[in-house]
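If you're wondering where the values come from, they're calculated on a predicted model, not measured in any experiment. Counting from 1, the numbers follow the sequence of the chain as shown.
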Amino acid sequence: MPSPNDHIPAPSARRERRKEARPGELLNAALDLFVEKGFAATRVEEVAARAGVSKGTLFLYFPSKDELFKAVVRESISGRLVEWNSDFETFQGTACEMLGYCMTSWWERVGATKASGLTKLMISEASNFPDIVAFYQHEVIQPGQALIRRVLQRGMERGEFRQIDLDSAVYSVVSPMVFLMLSRHSQGVCVSDQVTLDPKKYIAAQLGIILNGLSLRPGDAAPDEKKV
């Protein structure tokens with residue numbers, strides 16, 4: 001007859017599972033605190049305490065607060081950009097549909113999550129931490145803008161969009177998404193407390209405005225004509 005303790009893991013197994021879980025628990029705790037308090041005000045001791053481990057244990061995985069922050073960004077944002085670039089390679093729809101997909105999925109995977117608070121953190125504290133800014137530019141800003149450029153370029157090449165200055169046009173897509181994320185953490189500054197901003201309706205409205213501006217107009221040259 002099986003013993004009641006047969007299904008209880010041995011202490012060593014429980015410790016091993018706990019050890020494997022710690023990096024994720026630390027990243028979750030760090031994200032919470034970075035969003036709540038900002039980068040400068042967050043102390044590694046607080047992160048460790050919230051994750052239920054010692055400060056020494058935290059430093060086994062992340063040697064500094066800077067490295068902890070970088071790991072949080074990679075876990076919660078950078079990985080999404082890898083997914084979207086992969087999606088771009090296999091996406092079968094139009095450039096208009098791809099742009100809508102990017103904006104909607106960015107909200108679902110980043111904007112609607114606690115990770116959106118990192119955008120506010122970067123804007124408010126960027127001037128004090130140039131190394132962190134350089135990292136964020138490399139990991140988030142540049143890859144994100146490059147993906148938008150690819151979508152817009154595809155639309156131009158296929159004759160869906162008129163010929164535009166891509167360096168400027170990317171911000172037409174970025175700006176409304178940044179505003180939407182900031183509105184979640186602005187306590188009524190970006191959007192009045194009396195106004196209910198529905199993210200799906202907002203994105204649909206912004207997408208409509210963007211696509212109307214990108215659409216070919218009478219007199220616009222087709223892509224092949226521009227090359228002549």
Side-chain angles (χ1 to χ4, degrees), residues 7-84 104-144 174 177-191 193 196-199:
H7 299 293
I8 299 177
S12 59
R14 292 199 299 270
R15 284 196 297 270
E16 184 62 28
R17 283 212 299 269
R18 173 65 178 162
K19 181 179 179 181
E20 292 172 354
R22 281 175 183 166
E25 292 168 355
L26 286 165
L27 291 176
N28 289 336
L31 176 59
D32 287 346
L33 285 164
F34 284 138
V35 170
E36 291 169 17
K37 305 183 67 173
F39 181 80
T42 296
R43 297 182 297 117
V44 292
E45 293 89 342
E46 295 175 292
V47 176
R50 183 166 294 196
V53 301
S54 68
K55 183 172 70 171
T57 299
L58 183 150
F59 284 131
L60 287 176
Y61 298 104
F62 310 104
S64 67
K65 185 167 74 168
D66 284 17
E67 291 303 315
L68 177 61
F69 179 79
K70 291 176 181 179
V72 168
V73 170
R74 290 189 179 109
E75 176 69 18
S76 57
I77 302 179
S78 301
R80 307 291 83 77
L81 290 166
V82 174
E83 295 170 5
W84 284 312
T104 301
S105 59
W106 175 267
W107 174 251
E108 292 172 347
R109 301 182 196 181
V110 178
T113 73
K114 189 161 287 186
S116 61
L118 297 176
T119 299
K120 179 185 175 184
L121 180 156
M122 292 304 305
I123 292 173
S124 62
E125 301 191 56
S127 60
N128 298 320
F129 301 98
D131 290 344
I132 291 297
V133 171
F135 164 80
Y136 197 80
Q137 280 278 350
H138 181 266
E139 290 284 329
V140 178
I141 303 299
Q142 293 172 8
V174 171
M177 300 309 297
V178 170
F179 176 85
L180 185 57
M181 288 189 287
L182 289 178
S183 70
R184 294 191 71 235
H185 303 274
S186 65
Q187 297 180 329
V189 174
C190 293
V191 180
D193 290 335
T196 300
L197 186 62
D198 183 293

Worksheet item: Does the distance from a Lys or Arg side-chain N to an Asp or Glu carboxylate O, for Lys70 and Glu67, drop under 4.0 Å?
Response: yes

Practice prompt. Quick one: pull up CG in Leu68 and CG in Leu58 and give me the separation to the nearest 0.5 Å.
Written response: 5.5 Å

Fill in: Considering all heavy atoms, the nearest Val72-Ala30 contact
CG2-CB, 3.7 Å

Item to complete: Keeping to residues at least two apart or across chains, list the side-chain hydrogen bond (donor to acceptor under 3.5 Å, both in side chains) pairs with something in residues 126-140.
Response: Ser78-Glu139

Fill in: Spacing of CD belonging to Glu125 relative to CD1 belonging to Ile132, to within rounding of 0.5 Å
10.0 Å

Discussion item. How close do Val110 and Ser76 get, counting heavy atoms only, and between which atoms?
Written reply: CG2-O, 4.1 Å

Worksheet item: Rounded to the nearest 0.5 Å, how far does OG1 of Thr113 lie from CD1 of Ile77?
Response: 7.5 Å

Worksheet entry | Residue list, side-chain hydrogen bond (donor to acceptor under 3.5 Å, both in side chains) with Asn28, at least two apart or on another chain | none

Worksheet item: Which heavy-atom pair separates Ala48 from Leu26 by the least distance, and what is that distance?
Response: CA-CD2, 4.3 Å

Worksheet item: How many angstroms lie between atom CZ of Phe34 and atom CG of Leu31, to the nearest 0.5 angstrom?
Response: 9.0 Å

Worksheet entry | Shortest non-hydrogen separation from Leu81 to Pro143 and the atoms involved | CD1-CB, 4.0 Å

Practice prompt. Name all pairs fulfilling the ring pair (Phe, Tyr, Trp, His ring centres under 6.0 Å) condition that reach into residues 104-130, sequence neighbours left out, sorted by first residue then second.
Written response: Phe39-Phe129, Trp84-Trp106

Worksheet entry | Partners meeting side chain to side chain contact (heavy atoms under 4.5 Å, CB included) with Ile123 (sequence neighbours left out) | Thr119, Val178, Leu182

Practice prompt. With sequence neighbours excluded, give me every side-chain hydrogen bond (donor to acceptor under 3.5 Å, both in side chains) pair touching residues 40-56.
Written response: Glu36-Arg50, Lys37-Glu46, Glu45-Lys55, Ser54-Thr57

Fill in: Criterion side chain to side chain contact (heavy atoms under 4.5 Å, CB included) on Tyr61 and Val53, from CA distance to verdict
CA-CA 12 Å; Tyr61 298 104; Val53 301; over 6 Å; no

Discussion item. Once salt bridge (Lys or Arg N to Asp or Glu O under 4.0 Å) is applied, do any residues pair with Lys65, and if so which ones, sequence neighbours excluded?
Written reply: none

Fill in: Minimum heavy-atom distance between Glu83 and Arg109, given as atom pair plus value
OE1-NH1, 2.8 Å

